[in-house]
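Structure, as structure tokens:
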Amino acid sequence: MRRFVFLTPLALSLIIGAFAVWGLLNDRNPSEIPSALINRSVPNFDLLPLPGLNSPGLSKKELLNLEKVSVVNFFASWCLPCRAEHQSFIKLSRNDDIELLGINYKDNDKDALDWLTELGNPYTYVGNDFSGRTGIDWGITGVPETFIVNKNGKVVHRFSGPLVGERFEEFKELLMLELK
Amino acid sequence: MIPELGQFSLILALLIAIVQSTLPITGLVRKNSIWINSAKYLALLQFFLVLIAFMALMRSYIVSDFTVTNVVNNSHSNKPLLYKIVGTWGNHEGSILLWVLILVAFGGALSLFGSNIPTTLRARVLSVQGWICVGFISFMLFTSNPFERTFPPPLNGNDLNPLLQDIGLAIHPPLLYVGYVGFSIVFSFAIAALLEGEVSSAWARWVRPWILISWTSLSAGIALGAWWAYYELGWGGWWFWDPVENVSFMPWLVGTALLHSAIVTEKRGAFKAWTVLLAILTFSLSLLGTFIVRSGLLTSVHSFAVDPERGIYILILLALSIGGSLLLFAYRAPSLEGGGLFSPISRESGLLLNNLFLTTSAAIVLFGTLYPLFLEGITGEKISVGPPFFNISFTPIGLMLGSTMAIGPYLKWKKADIAGILSRIKFLIFVSLGVSLFVWYLKTSGPVFAIVGVGVSFWLFTATLFEWMDRVKLINKDYSDIFKRIRSQPRSANGMTIAHLGMSFIILGVVCSSAWKEEVIGFVEKGSQLEVASFLVTFGGVSLYQGPNYNSEKATVKVEKDGKFLENLYPERRSYLATGTSTTESAIRQSLAGDLYVTISEPANNKFKGKWVLRLIYEPLVNFIWLGASFLALGGIISITDKRYKVGRTFKYRRTKPANKVVRLDNF
């Protein structure tokens, strides 16, 4: 009995160690916070169009009326990673089964317009979230951030950070799965 | 050339460490006194080799040698010289090198000043120390080599994170590391004792100065870290229960328990296995801290470059050192004989209670820190454990510890007369209750813990002071030769009083600054006024100036109280050119009554373009935390100088002559 008492510290440290091994070997990112929106309907929002751009504005109603798999991308002209991932969306816009929806986040109208003119506009709808209010409702932590929304208006995936290279491939795979 | 010299020294140090970890201990088995004695010289040699490596890296930083990858990643030629030097340990590789330097410095110090310790014990201790050195030097060489070169060398470096370009970085990590790593010697002592199968009072006396040095540095290091967060990060707080803060706090809690239980082992020969266990746990928790900080296992605001390979290497080191030592403990500790008997009310019991409180609180902090990991492992759910959990669970224990530690020094060894003690100090209990009630009357809205906390702090302060006055016969109004009597007290007894007084200050500062903090935030332009805690603050606009490696927007903020001008404060917003990041430089009006803390930032929303966000925080009595921490450190330093630990001299311990009646050794 007495022996067992002296073994407790070792036993406890082994338990902690087991969790540490799991935590290290498992491919996980402790600072990644899962979006609370996953498997929920998109939040309410109603955004005006960007003045001077011939894409209409975006609201929850319009998104639900699409009845298509859609990709909601938060971007801003002041955000360099957004510039980096923009080509990915241009490529994606050739696919007619997917609706690409942009939300311009905390941006200046003219800068955003210039940016879309320079790099091309892959979005069918662009909502102007000047105040950042819609960004808060979607729970974004920064730009770029991208959501995959299914036909019923449910958020199924969320990506934070630019979709380039491997991450873009991963994103495309998940998107294709959703289309099936 | 010089970096290669450093690299070479480091490799040599690894080889020496391998020899140090095997030769002396084999010598003990073979009874070869030359092999046994080699430990001393090997430890010194190793210290010099690592010192050369450290100097070589520091030189690369000072001359901005951009052929060294580490310097490229963390320095810039425009950086002020002080931060070039400090930058040596402002990164993962360099800080591990500092860690190892301190580790071998402790080994060297034991060689030089440990002549009072029997050669065999010292050889064992240094061998165990050698094992730790092998682990960490190889970790550095194989996964985090600070001397890696880069070709072609870039024109300039990436600069050091601006938050770290601060005087706090110059002193906080070294002190913290002296604390963390100092416990390695204590750990080695514990392992050596387990190997020998004997823990004696003498052992406890030999190890005590090392506990004191480490504990003092750790206390100072943690306090400095809190202070640095307070004025540099610009959040207006000094403790956030962040995992990395917690991992430095746990060794402190367990180390404090060790500091007290070792007294019982030294004086009464009891608590042997427990003291050894605490010695192992303190260092294990330091290692766990290193692991958590470097592996990216938990999410934290303090980040080092995360690399899973490093994490696995440290995890293996941890498994070997912690697992091995606890296994040895389980095997050997049951045979350690317990010492003297004591009654339920005695100094032994008091110290036992203290140990229970301290280890329980350490367990709470450990649980709270690792809980997200446990939960994610079991259910896959991700959560973070924030301040509310720690505040609720830690505060009651802290306050209970605070109120019982006031009585501890009154208790006698073996059997104490609690009724007699209470009748002598019951008036202090009433006065402290009165203080609590008075605070309640003043601040009816205050949280209960704060009202109780002020009372506990007052009680601890007065009871500690009263006990000391009693000891030096001030209570009897005997003022003759008062200084002589104070000086004839054992240093460790005076040290204890000072440290306990420090704790009462810390409790006061922590409680008041968290319970009665006032905060006002406003969008301001030139001439705007805000009010906080009876201060009237006027924003006087922003001017630009250029620092050595940054541009700054400096605001002038006028502070008035009751219509009287007090002073101008200058909070800044700095943009560092090389990294493109900015930092907040708070301006603080300090006073013992409370700090007025001012920061500025640009509004995130475009609607407020042209305005500034002015944040004012009033933190009452916050400086008592730093005052208390300095008392803790001072108490520790005074205790180290106690005669009976006189390191470096052949040990002759005799009780001070009974002729001097003032010294009551049983009352230490």
Side-chain angles (χ1 to χ4, degrees), chain A residues 1-39 76-81 104-112 128-136 139-143 158 160, chain B residues 243 273 276-278 280-281 284-285 288 291-292 295-301 303 306 308-316 318-319 322-336 363 366-367 369-378 380-384 604-607 609:
Chain A
M1 184 55 218
R2 204 170 124 81
R3 288 242 158 222
F4 283 108
V5 175
F6 286 94
L7 274 169
T8 26
L10 182 66
L12 288 177
S13 69
L14 285 179
I15 294 174
I16 293 179
F19 275 101
V21 171
W22 169 83
L24 268 189
L25 297 184
N26 228 329
D27 192 19
R28 61 190 266 282
N29 179 2
S31 32
E32 195 172 82
I33 309 143
S35 169
L37 277 180
I38 301 290
N39 285 328
S77 67
W78 45 262
C79 145
L80 268 178
N104 183 226
Y105 180 71
K106 286 191 181 173
D107 211 344
N108 178 317
D109 295 350
K110 193 181 166 303
D111 292 346
N128 191 5
D129 183 23
F130 171 72
S131 67
R133 175 65 222 239
T134 304
I136 293 177
I140 68 166
T141 54
V143 274
R158 168 222 195 203
S160 70
Chain B
V276 167
L277 178 63
L278 287 178
I280 294 174
L281 287 183
S284 299
L285 286 169
L288 184 74
F291 169 64
I292 287 181
S295 68
L297 188 69
L298 295 167
T299 166
S300 155
V301 292
S303 56
V306 170
E309 192 185 313
R310 283 176 194 159
I312 289 173
Y313 202 104
I314 303 190
L315 194 62
I316 294 170
L318 250 69
I322 303 178
S325 53
L326 288 178
L327 191 68
L328 183 66
F329 174 79
Y331 178 64
R332 278 288 171 88
S335 60
L336 293 176
L366 182 69
F367 181 74
T369 309
L370 294 179
Y371 186 69
L373 182 70
F374 295 157
L375 194 71
E376 200 193 329
I378 294 168
E381 196 183 336
K382 284 192 174 188
I383 59 150
S384 65
N605 197 318
N606 278 350
K607 230 186 287 177
K609 224 168 194 172

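The sequence lines fix the lettering, A, B, ..., with proteins before strands; numbering per chain opens at 1.
- Heavy atoms closer than 4.5 Å to chain A are found in both the backbone and the side chain of B:L327.
- The contact between B:L366 and chain A is made entirely by side chain atoms (from C-beta outward), counting heavy-atom distances below 4.5 Å.
- Neither the backbone nor the side chain of B:I280 comes within contact range of chain A; no heavy atoms are under 4.5 Å apart.
- Residue with the most contacts toward chain A among B:P334, B:G323, B:A319: B:P334 (heavy-atom pairs, distance under 4.5 Å).
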For residues 6-14 of chain A, which side-chain donor-acceptor pairs fall under 3.5 Å, sequence neighbours excluded?
residue : atom : partner : partner atom : Å
A:T8    : OG1  : A:V5    : O            : 2.3
A:S13   : OG   : A:P9    : O            : 3.4
A:S13   : OG   : A:L10   : O            : 2.8

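- In this structure, chain A has heavy atoms under 4.5 Å from both the backbone and the side chain of B:A333.
- Note: B:I378 CD1 to A:W22 CH2 = 9.5 Å, rounded to the nearest 0.5 Å.
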